[in-house]
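To start, the structure itself, in C-alpha coordinates.
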Amino acid sequence: MPVRRSLLAAALGATALLGATAAPAAAAPGEYITVDPTGRIAADGTVTLSGTYRCTGATGPAFIGSSISQGTVRQQGIGGSGARCDGAEHRWQNSGKPYGQTLRPGAAHVQATVVELRRSGIILVPVFHAQTDRDITLVQS
(Lines give C-alpha, C1' and ligand atoms only; values in the text may rest on other atoms or scores of the structure.)
Protein backbone atom coordinates (compact mmCIF):
# COMPACT_ATOMS: atom_id res chain seq x y z
CA MET A 1 0.00 0.00 0.00
CA PRO A 2 2.82 2.53 0.70
CA VAL A 3 4.12 2.06 -2.86
CA ARG A 4 0.65 2.78 -4.28
CA ARG A 5 0.40 5.97 -2.17
CA SER A 6 3.86 7.01 -3.36
CA LEU A 7 2.89 6.46 -6.99
CA LEU A 8 -0.37 8.35 -6.48
CA ALA A 9 1.48 11.25 -4.86
CA ALA A 10 3.99 11.28 -7.72
CA ALA A 11 1.21 11.22 -10.32
CA LEU A 12 -0.74 14.01 -8.68
CA GLY A 13 2.41 16.08 -8.18
CA ALA A 14 3.39 15.60 -11.81
CA THR A 15 -0.13 16.48 -12.93
CA ALA A 16 -0.13 19.68 -10.88
CA LEU A 17 3.38 20.66 -11.96
CA LEU A 18 2.94 19.93 -15.65
CA GLY A 19 -0.63 21.16 -15.72
CA ALA A 20 0.63 24.56 -14.68
CA THR A 21 3.36 24.66 -17.32
CA ALA A 22 2.16 22.74 -20.36
CA ALA A 23 -1.08 21.69 -21.97
CA PRO A 24 -1.55 17.92 -22.12
CA ALA A 25 -1.46 16.23 -25.48
CA ALA A 26 -4.78 15.46 -27.13
CA ALA A 27 -6.50 12.32 -25.87
CA ALA A 28 -6.40 9.24 -28.08
CA PRO A 29 -9.65 8.54 -29.95
CA GLY A 30 -12.30 7.36 -27.50
CA GLU A 31 -10.46 8.56 -24.37
CA TYR A 32 -12.23 11.11 -22.19
CA ILE A 33 -13.01 12.26 -18.68
CA THR A 34 -16.18 13.98 -17.52
CA VAL A 35 -17.10 15.87 -14.35
CA ASP A 36 -20.58 15.62 -12.86
CA PRO A 37 -22.41 18.98 -12.79
CA THR A 38 -22.78 18.89 -9.00
CA GLY A 39 -20.07 18.44 -6.36
CA ARG A 40 -20.65 17.96 -2.65
CA ILE A 41 -19.18 19.86 0.27
CA ALA A 42 -19.47 18.39 3.77
CA ALA A 43 -19.85 20.36 7.00
CA ASP A 44 -16.14 19.80 7.74
CA GLY A 45 -15.14 21.32 4.36
CA THR A 46 -14.41 18.04 2.57
CA VAL A 47 -15.23 18.32 -1.13
CA THR A 48 -16.30 15.32 -3.22
CA LEU A 49 -16.08 15.45 -7.01
CA SER A 50 -17.07 12.70 -9.43
CA GLY A 51 -17.60 11.80 -13.07
CA THR A 52 -16.75 9.17 -15.68
CA TYR A 53 -13.67 8.34 -17.72
CA ARG A 54 -12.43 6.03 -20.43
CA CYS A 55 -8.78 5.41 -21.29
CA THR A 56 -6.81 2.76 -23.14
CA GLY A 57 -3.30 1.50 -23.58
CA ALA A 58 -1.70 2.42 -20.26
CA THR A 59 1.47 0.46 -19.59
CA GLY A 60 2.11 2.08 -16.20
CA PRO A 61 -0.08 3.03 -13.26
CA ALA A 62 -2.82 5.53 -14.15
CA PHE A 63 -4.64 8.00 -11.92
CA ILE A 64 -7.48 10.51 -11.86
CA GLY A 65 -6.47 13.92 -10.54
CA SER A 66 -8.95 16.70 -9.84
CA SER A 67 -8.77 20.29 -8.70
CA ILE A 68 -11.28 23.01 -7.90
CA SER A 69 -11.33 26.79 -7.78
CA GLN A 70 -14.04 29.17 -6.61
CA GLY A 71 -14.12 32.97 -6.67
CA THR A 72 -10.88 34.14 -5.05
CA VAL A 73 -9.98 30.61 -3.93
CA ARG A 74 -7.17 29.51 -6.22
CA GLN A 75 -7.01 26.05 -7.73
CA GLN A 76 -6.84 23.35 -5.04
CA GLY A 77 -6.20 19.63 -5.55
CA ILE A 78 -9.07 17.41 -4.44
CA GLY A 79 -7.95 13.87 -3.73
CA GLY A 80 -6.85 11.38 -6.33
CA SER A 81 -7.79 7.87 -7.33
CA GLY A 82 -6.51 5.00 -9.42
CA ALA A 83 -7.70 4.53 -13.01
CA ARG A 84 -8.15 1.40 -15.12
CA CYS A 85 -7.25 2.05 -18.75
CA ASP A 86 -8.98 -1.02 -20.15
CA GLY A 87 -11.17 0.72 -22.74
CA ALA A 88 -14.35 0.53 -20.63
CA GLU A 89 -16.16 3.49 -19.11
CA HIS A 90 -15.66 3.79 -15.35
CA ARG A 91 -16.91 6.12 -12.60
CA TRP A 92 -14.41 8.12 -10.56
CA GLN A 93 -14.76 9.97 -7.27
CA ASN A 94 -12.19 12.06 -5.41
CA SER A 95 -12.59 13.65 -1.99
CA GLY A 96 -10.39 16.03 -0.05
CA LYS A 97 -10.16 19.24 1.92
CA PRO A 98 -8.67 22.28 0.24
CA TYR A 99 -5.53 23.33 2.10
CA GLY A 100 -5.94 26.61 3.95
CA GLN A 101 -8.97 27.59 1.86
CA THR A 102 -12.70 27.49 2.51
CA LEU A 103 -15.11 26.60 -0.25
CA ARG A 104 -18.81 27.35 -0.03
CA PRO A 105 -21.92 26.02 -1.76
CA GLY A 106 -22.36 27.67 -5.15
CA ALA A 107 -20.56 27.98 -8.47
CA ALA A 108 -17.07 26.50 -8.82
CA HIS A 109 -14.70 25.38 -11.57
CA VAL A 110 -13.22 21.86 -11.75
CA GLN A 111 -10.37 20.43 -13.78
CA ALA A 112 -10.01 16.63 -14.02
CA THR A 113 -7.22 14.66 -15.65
CA VAL A 114 -6.38 11.03 -16.41
CA VAL A 115 -2.61 10.66 -16.20
CA GLU A 116 -0.39 7.60 -16.49
CA LEU A 117 3.13 7.22 -15.10
CA ARG A 118 5.09 5.48 -17.85
CA ARG A 119 8.63 4.23 -17.41
CA SER A 120 11.29 5.90 -19.49
CA GLY A 121 14.59 4.40 -18.42
CA ILE A 122 14.81 4.89 -14.65
CA ILE A 123 12.25 7.69 -14.40
CA LEU A 124 8.47 7.79 -14.56
CA VAL A 125 7.12 10.21 -17.17
CA PRO A 126 3.54 11.52 -16.93
CA VAL A 127 1.47 10.68 -20.01
CA PHE A 128 -1.86 12.47 -20.20
CA HIS A 129 -4.79 10.41 -21.48
CA ALA A 130 -7.62 12.94 -21.06
CA GLN A 131 -8.42 16.27 -19.42
CA THR A 132 -11.52 18.39 -19.01
CA ASP A 133 -12.57 21.67 -17.42
CA ARG A 134 -16.11 22.22 -16.20
CA ASP A 135 -18.11 24.75 -14.23
CA ILE A 136 -20.10 22.97 -11.52
CA THR A 137 -22.31 23.74 -8.54
CA LEU A 138 -21.16 22.77 -5.05
CA VAL A 139 -24.01 21.71 -2.76
CA GLN A 140 -23.95 21.14 0.99
CA SER A 141 -24.14 17.43 1.83
Side-chain angles (χ1 to χ4, degrees), residues 1-120 122-141:
M1 198 61 147
V3 170
R4 184 170 172 94
R5 272 191 230 130
S6 296
L7 288 173
L8 180 58
L12 296 175
T15 300
L17 179 63
L18 292 176
T21 60
E31 291 189 312
Y32 59 85
I33 185 166
T34 69
V35 176
D36 292 338
T38 303
R40 296 184 318 270
I41 185 165
D44 70 354
T46 299
V47 173
T48 301
L49 304 171
S50 57
T52 61
Y53 72 94
R54 180 180 184 274
C55 57
T56 60
T59 58
F63 303 93
I64 306 291
S66 58
S67 60
I68 192 167
S69 58
Q70 183 182 58
T72 60
V73 175
R74 58 185 165 71
Q75 197 168 20
Q76 295 280 317
I78 300 296
S81 53
R84 290 183 307 220
C85 291
D86 59 4
E89 182 176 275
H90 299 282
R91 296 273 317 151
W92 66 271
Q93 178 176 301
N94 291 345
S95 295
K97 270 187 176 178
Y99 178 75
Q101 303 285 327
T102 302
L103 297 173
R104 305 203 184 289
H109 184 79
V110 172
Q111 183 177 78
T113 306
V114 181
V115 65
E116 168 193 358
L117 293 178
R118 190 175 290 170
R119 280 207 186 278
S120 178
I122 62 170
I123 62 169
L124 295 173
V125 177
V127 175
F128 292 91
H129 284 264
Q131 179 182 346
T132 193
D133 286 88
R134 179 166 191 178
D135 291 327
I136 68 160
T137 301
L138 281 177
V139 297
Q140 195 74 43
S141 59

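Every value quoted in this text rests on a predicted model; they were computed, and no experiment measured them.
Nearest heavy-atom pair, Asn94 versus Gly65, reported as atom, atom and distance to 0.1 Å: ND2-C, 4.1 Å. The shortest non-hydrogen separation linking Val115 to Pro126 is CG2-CB, 3.8 Å. Closest of all the heavy-atom pairs between Asp44 and Lys97 is O-CE, 2.7 Å. Between Ile136 and Gly39, the shortest heavy-atom contact is CD1-N, 3.9 Å. The two residues Pro105 and Ile41 come nearest to each other via the heavy atoms CG-CG2, 4.2 Å. Scanning all heavy atoms of the two residues, the minimum distance from Cys85 to Val114 falls at SG-CG1, 4.5 Å.
Side-chain contact check for Pro98 versus Ile78: some heavy-atom pair is nearer than 4.5 Å. Arg134 places none of its side-chain heavy atoms less than 4.5 Å from the side chain of Leu49. Side-chain contact between Ser95 and Arg40 is absent, with no heavy atoms from C-beta onward closer than 4.5 Å.
For Glu31 (side chain) and Thr56 (main-chain N/O), a donor-acceptor pair under 3.5 Å exists by modelled atom type. Of the possible polar contacts, none joining the Gln93 side chain to the Thr48 backbone as a donor-acceptor pair under 3.5 Å is found. Side-chain atoms of Trp92 come within 3.5 Å of backbone N or O of Thr34 as a donor-acceptor pair.
Residue Ile64 holds its CD1 atom at 11.5 Å from CZ of Arg91, rounded to the nearest 0.5 Å. To the nearest 0.5 Å, the span separating CZ on Arg54 from OG1 on Thr52 amounts to 11.5 Å. Leu103 CG to Ser69 OG: the interatomic distance, rounded to the nearest 0.5 Å, is 9.0 Å. To the nearest 0.5 Å, atoms CD (Gln75) and NE2 (His109) are separated by 7.5 Å. A distance of 7.5 Å separates CG of Asp86 from SG of Cys55, quoted to the nearest 0.5 Å. Rounding to the nearest 0.5 Å places OG1 of Thr113 at 4.0 Å from CD of Gln131.
In this structure, the salt bridge (Lys or Arg N to Asp or Glu O under 4.0 Å) partners of Arg118, at least two apart in sequence or on a different chain, are Glu116. With sequence neighbours excluded, no residue satisfies side-chain hydrogen bond (donor to acceptor under 3.5 Å, both in side chains) with Arg104.
The neighbour count for Arg84 CZ, taken as heavy atoms of other residues, nucleotides or ligands under 6.0 Å away, does not exceed 12.
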